[in-house]
Amino acid sequence: MHTVPTRPTAIALALWCLGAPVFAQTPGQAPATAEAPTKLRIDGGLLGVRSPIPEDEATYISADRLYGNNAEETFLEGNVEIRRKKLRLSSDAINYSPITDRATAKGNLVIEQESMLLKAPEGSVKLGTGESQMKNATFELRDIKGKGRADRMQYDGISSLTLENPNYTVCEVPNAGAADQGDWYITADSLEIDQASEVGRARGAKVVFQDVPILGVPYFSFPTSDRRKSGFLPPSFGTVSNSGLEVTVPYYLNIAPDKDLTLFPKVISGRGYQLGTQGRYLTPNNEGEIKYDFLPSDEKTGTDRSALSLLHKFEKGPFYAGVNFNQVSDDNYFVDFSRTQAVASQRVLVQEGFLSYRQKNWSANVRTVAHQTLQLFNDVIAEPYDRLPEATVELTPTRIGDANAFVSVSGQYTDFARPSSAPARVEGSRGVTRARVFMPIQRSEFSFTPALSVQSTNYDLKGQATGLPGGPSSVIPTVSLDSTVYFDRKTSFFGRKVNQTLEPRIFYLYTPFKDQSDQPIFDTTVTDQSLSRIFAENRYSGLDRVGDANQLTLAVTSRFYDEKSSEELFSVTGGQRLNLTASRVILQGFEAPTTSDSDFFANARGRISGSVFLDATTQLNAESGRHERGNISLSYAPSIGKQLNLGYRYTRAQIDQFDISGQWPISDRWSGVGRLNYSMLDNRLIEGVAGLEYGEGCWAVRVIAQRFATAPQLETTSLFVQLELTGLGRLGSNPADLLSRKVPGYTPFSTSQATQ
């Protein structure tokens, strides 16, 4: 029968066999010393069990001296180190109990586990779990760069670190115990850092910035990562010329992994109290967002002010449905409450619901569309027709048998309801059927596509003018021929080896004249001429008119591709449409008769160097040669945080604007950012943004001023101030979102610093 040795005897035997000088001791005796540190791997036999301990479960001990006073405790002294799994423990002296698996240390205790480093004069650790208690401890959490000190510290061995009377920061400091020397730090009665849920919870807390307390609360929580969590978000501050000082304290509710809700209680000094809400959800079949803002008894207008926006999408199998509903309480809502020029300029709000069924080559759709039209002061606009309802069936291009021919068919029925403000306008239903057959021939050297289409339009009208039929109709065919030839060669482009193509294109279009003056105008207008539109089969948008045409369009494109990566670097295109006969269909009130050819269009677009991008378009009058329309945008971005954009837009007698924006570091810590959009035709600032950003390693501050046009002769001026504390959050309004929309290529200065 095999006898299992006692634990001290087993250790002594094992070390004797290894040639290490170890002696069992009785209490009161001085421990024997050794010339070299003792190293031990505790195996199954040493612990009184037959089976060996797996390698990843083994405990490794190293010390200058090792002894035991009974079978339940081992004493380690001098340069003690214990390792198990990913836990490393070191100290001047440790008492270790194999029964409880707990090590009690005195003198320079250091615990390393995963990405966490804990230090203290003394403490205890359970080796199997890492659970520990320490006094006067310091800590470093490397994943989140958090560090600090605490009077008492407890780690649950899983993820949660609980601190009493701590200082905590993510700033660079001489050592973890000097957290209160950081540019910012948190001091609290207690602080829990939960690395699993990636959140910190502080009680009796203060946030100190540059030695000045800037926030003191009985309780607050903060994220230690970008993971969502419930709780108060940093407050925002701002001032707006037409409303006064605004203070918002958002509260975020992480309802479920696929649902959340944010409340925006706001105090507006010049208007009163406003509550905003934003709810979002995302499920396997549904996604959506709802926003609702309500301000009771506006102090300036004496009325309740509100805005509602609902966006919902449903998709399951072939079914697709949704709602897009927008409504405000009054015409001036966006003028008074918008914070961007794009929102302030909204004049027509869509209220739409739709249902679609889609198959491989066909689809069906039903929708209803209503509108809310905002009339501003003397700037009155025509209200669009509502569609109550509109049904569409469409056959996507489908091959005809084995032939190299394709057919597409669409049918649409719409019931147009006139706006209540325009009772004299005609209303009624419209049915449109359009069929198109085409035969594409594609080769590496050329492509050729002949096509034939027919559009049939029928109306059933009410309120038609005297003498005009109540049910006008038309059937109009269109023939087109589209061909392109491809040439290529090897050359160089700004010092790079490239493949250059030359692609001349000829497009012929013929549509016979059909008088359609007895048909109403429900949704049709003249489209702006452009390089892409000169290849369109109908010069009108909408379905109320089909323009007659006998035209030949000539164009040529040259592209430059990188020889190695085949990436398109740059392209240049020029083209013009020639009218072989004069057009006779005229959209009254939208265009005047003309016999001239279309204007000449040209576009150049691409990266002309590693840091310079160009996009330029011009439109020249075919008869006079004068410049009718054009735009140019030039971007220079040599590195992250350095961005300059120059833009110019021109349309004769309508638009004459330049747009300059950019971001550029002034020094290692300062960066300037701004945008200027100015109309030389109106001698008026459309939108201006200017600001400064200052960034340190763990914080940044932004001051942004904005001014933009909200309506004719009206402007709004606002000021944003934001303090960003890395690893804690942002205090103040968030101009970063504004700058991202207004300055192409903008990167927050703190982010660009981190990447350098």
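All residue numbers refer to positions in the sequence shown, counting from 1. Worth knowing before you read on, the calculation uses all heavy atoms, side chains too, and leaves out hydrogens, waters and symmetry mates.
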Salt bridge check, [Y] against [X]: does any charged N sit closer than 4.0 Å to a carboxylate O?
X: Arg629; Y: Asp599; answer: no
X: Glu687; Y: Arg707; answer: no
X: Arg607; Y: Glu568; answer: no
X: Asp659; Y: Arg675; answer: yes

(request) Please work out whether the ring planes of Phe406 and Phe438 are parallel, tilted or perpendicular, with thresholds of 30° and 60°. (result)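 Judged by the thresholds at 30° and 60°, the geometry between Phe406 and Phe438 is parallel.
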(request) Describe, in one word, how the ring planes of Tyr648 and Tyr650 are oriented to each other, choosing from parallel (under 30°), tilted (30 to 60°) and perpendicular (over 60°). (result)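 Parallel, since the angle between the ring planes stays under 30°.
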Would you say [X] and [Y] make side-chain contact, with heavy atoms under 4.5 Å?
X: Ile441; Y: Met439; value: no
X: Phe416; Y: Arg387; value: yes
X: Asn324; Y: Asn326; value: yes
X: Lys313; Y: Asn286; value: no
X: Tyr540; Y: Thr525; value: no

(message) For Arg684, is there any backbone N or O sitting under 3.5 Å from a side-chain donor or acceptor partner on Asp682?
(response)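 Checking the backbone N and O of Arg684 against the side chain of Asp682, no donor-acceptor pair under 3.5 Å is found.
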(request) Would you please test Phe314 and Tyr320 for ring pair (Phe, Tyr, Trp, His ring centres under 6.0 Å) and show each step? (result) CA-CA 6 Å; Phe314 167 82; Tyr320 183 66; 8.7 Å; no
(request) Check each of Lys497, Lys490, Arg496 against Glu563 using the salt bridge (Lys or Arg N to Asp or Glu O under 4.0 Å) test, and report the only one that passes. (result)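 Testing Glu563 for a salt bridge (Lys or Arg N to Asp or Glu O under 4.0 Å) against Lys497, Lys490, Arg496 leaves exactly one candidate, Lys490.
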(request) Please step through side chain to side chain contact (heavy atoms under 4.5 Å, CB included) for the pair Asp515 and Phe513, ending with a clear verdict. (result) CA-CA 7 Å; Asp515 185 8; Phe513 168 74; 4.0 Å; yes
(message) Taking atom CD1 as the centre, does Ile506 end up with more than 12 heavy-atom neighbours from other residues, nucleotides or ligands that are less than 6.0 angstrom away?
(response)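 Open.
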